[in-house]
Amino acid sequence: MATLSEIRTLLGEPRFNWSDPAPWIGLEQELGIEFPADFHEIVDAYGSVLINNQLYLKHPAVHLLHDLGTMIKRDLELWREEDMAEFLPSPVGAKPGELMPVATATTGEAVFLRVPDGPSSPWRVVVQEFDSPAWTLYEMTFSEWLLVHLKGRDVTLCSRDRALDGPFWEFLP
């Protein structure tokens with residue numbers, strides 16, 4: 001699994017550095033899911049940010065203008081609509097094998113975490129291209145997927161044309 005230090009090396013030092021677990025506990029209880037540790041660690045370090053002018057990551061702290069819980073609930077509603085559900089490999093939700101929306105992109109992609117089938121199964125990343133019926137399952141953790149994205153490799157998000165001088169991030173307003 002990729003580590004926060006590897007991501008920090010490419011992306012730069014985080015400045016959010018959240019340590020209170022209360023927002024995660026509240027969101028996870030509401031959704032009936034416990035997000036993977038690597039996702040927690042990255043989001044707690046960087047907060048609600050835009051990476052490479054393309055990938056939106058959001059923190060669950062509800063005092064933020066752009067919070068993860070609001071985004072997830074809105075996206076769950078959207079992806080549960082009959083005409084949208086057909087564009088995903090599995091239903092959205094918190095049950096094993098379902099997809100939990102966790103990030104979006106300025107270019108229209110939606111990033112999901114695939115809930116493991118069992119306690120020893122790993123979390124995986126699914127990216128859906130919003131302007132087409134295409135989706136891709138990545139057999140990697142969120143931190144591994146993000147690291148590959150930051151290195152400019154193709155993980156469905158067009159990172160090469162968005163970070164010509166290397167990976168960067170900025171806080172969402």
Side-chain angles (χ1 to χ4, degrees), residues 2-31 33-81 84 92 94 99-113 123 125-132 138 141-173:
T3 64
L4 181 58
S5 64
E6 291 174 290
I7 290 168
R8 185 183 298 127
T9 297
L10 287 172
L11 194 53
E13 285 298 316
R15 295 194 315 252
F16 193 69
N17 300 313
W18 189 271
S19 61
D20 180 5
W24 286 107
I25 292 168
L27 179 60
E28 290 173 340
Q29 286 176 347
E30 182 179 354
L31 297 173
I33 191 172
E34 186 174 329
F35 289 99
D38 65 324
F39 182 68
H40 270 243
E41 186 178 32
I42 292 163
V43 173
D44 277 346
Y46 287 95
S48 291
V49 294
L50 176 61
I51 296 174
N52 295 348
N53 279 335
Q54 185 171 33
L55 179 66
Y56 292 105
L57 288 183
K58 297 178 181 177
H59 191 273
V62 295
H63 74 278
L64 299 171
L65 181 59
H66 302 281
D67 72 281
L68 182 63
T70 300
M71 185 218 77
I72 287 175
K73 288 178 258 182
R74 182 193 69 228
D75 286 359
L76 285 171
E77 187 176 316
L78 170 76
W79 289 105
R80 285 181 174 139
E81 292 177 13
M84 296 303 292
V92 293
L99 305 175
M100 183 61 65
V102 295
T104 58
T106 59
T107 50
E109 293 89 351
V111 180
F112 299 86
L113 289 176
W123 288 83
V125 175
V126 172
V127 178
Q128 198 284 333
E129 296 183 49
F130 198 71
D131 58 350
S132 77
Y138 292 95
T141 64
F142 183 80
S143 58
E144 291 166 338
W145 178 86
L146 181 60
L147 189 61
V148 168
H149 169 70
L150 294 175
K151 289 179 177 180
R153 297 193 190 128
D154 182 13
V155 284
T156 305
L157 300 172
C158 303
S159 60
R160 286 184 207 94
D161 64 347
R162 300 287 178 150
L164 299 176
D165 297 327
F168 64 94
W169 62 272
E170 59 186 301
F171 283 119
L172 295 176

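What you see is a predicted model; the values in this text were computed from it and never measured.
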Within the 6.0 Å centroid threshold, strictly below: Phe142 and Phe39: yes
Is it the case that the side chain of [X] and the backbone of [Y] share a donor-acceptor pair, with hydrogens and angles ignored and the cut-off at 3.5 Å?
X      : Y     : result
Glu170 : Val49 : no
Ser48  : His59 : yes
Glu6   : Thr3  : yes
Ser143 : Ile42 : no

Is the closest side-chain heavy-atom distance between [X] and [Y] below 4.5 Å?
X      : Y      : value
Trp79  : Leu99  : no
Pro101 : Leu76  : yes
Leu146 : Leu55  : yes
Ile72  : Met100 : yes
Leu150 : Asn52  : yes
Trp145 : Val111 : yes
Pro60  : Val43  : yes

Aromatic plane relationship, Trp24 with His40 - under 30° parallel, 30 to 60° tilted, over 60° perpendicular: parallel
Val155 vs Val125, side chain to side chain contact (heavy atoms under 4.5 Å, CB included): CA-CA, chis, key distance, verdict: CA-CA 10 Å; Val155 284; Val125 175; over 6 Å; no
Test ring pair (Phe, Tyr, Trp, His ring centres under 6.0 Å) applied to Trp169 and His149, step by step: CA-CA 13 Å; Trp169 62 272; His149 169 70; over 10 Å; no
Ala22 versus Asp20, closest heavy-atom pair with distance: N-OD1, 3.0 Å
Stepwise side chain to side chain donor-acceptor pair (under 3.5 Å) test for Thr107 and Gln54: CA-CA 7 Å; Thr107 50; Gln54 185 171 33; 3.0 Å; yes
Result of checking Leu4, Leu57, Ile51 against Tyr46 for side-chain contact (heavy atoms from CB on, under 4.5 Å): Leu4
Pair Asp67-Lys58, side chain to side chain contact (heavy atoms under 4.5 Å, CB included): steps then yes or no: CA-CA 5 Å; Asp67 72 281; Lys58 297 178 181 177; 5.9 Å; no
Residue pair Glu144 / Thr141, side-chain donor-acceptor N/O under 3.5 Å: yes
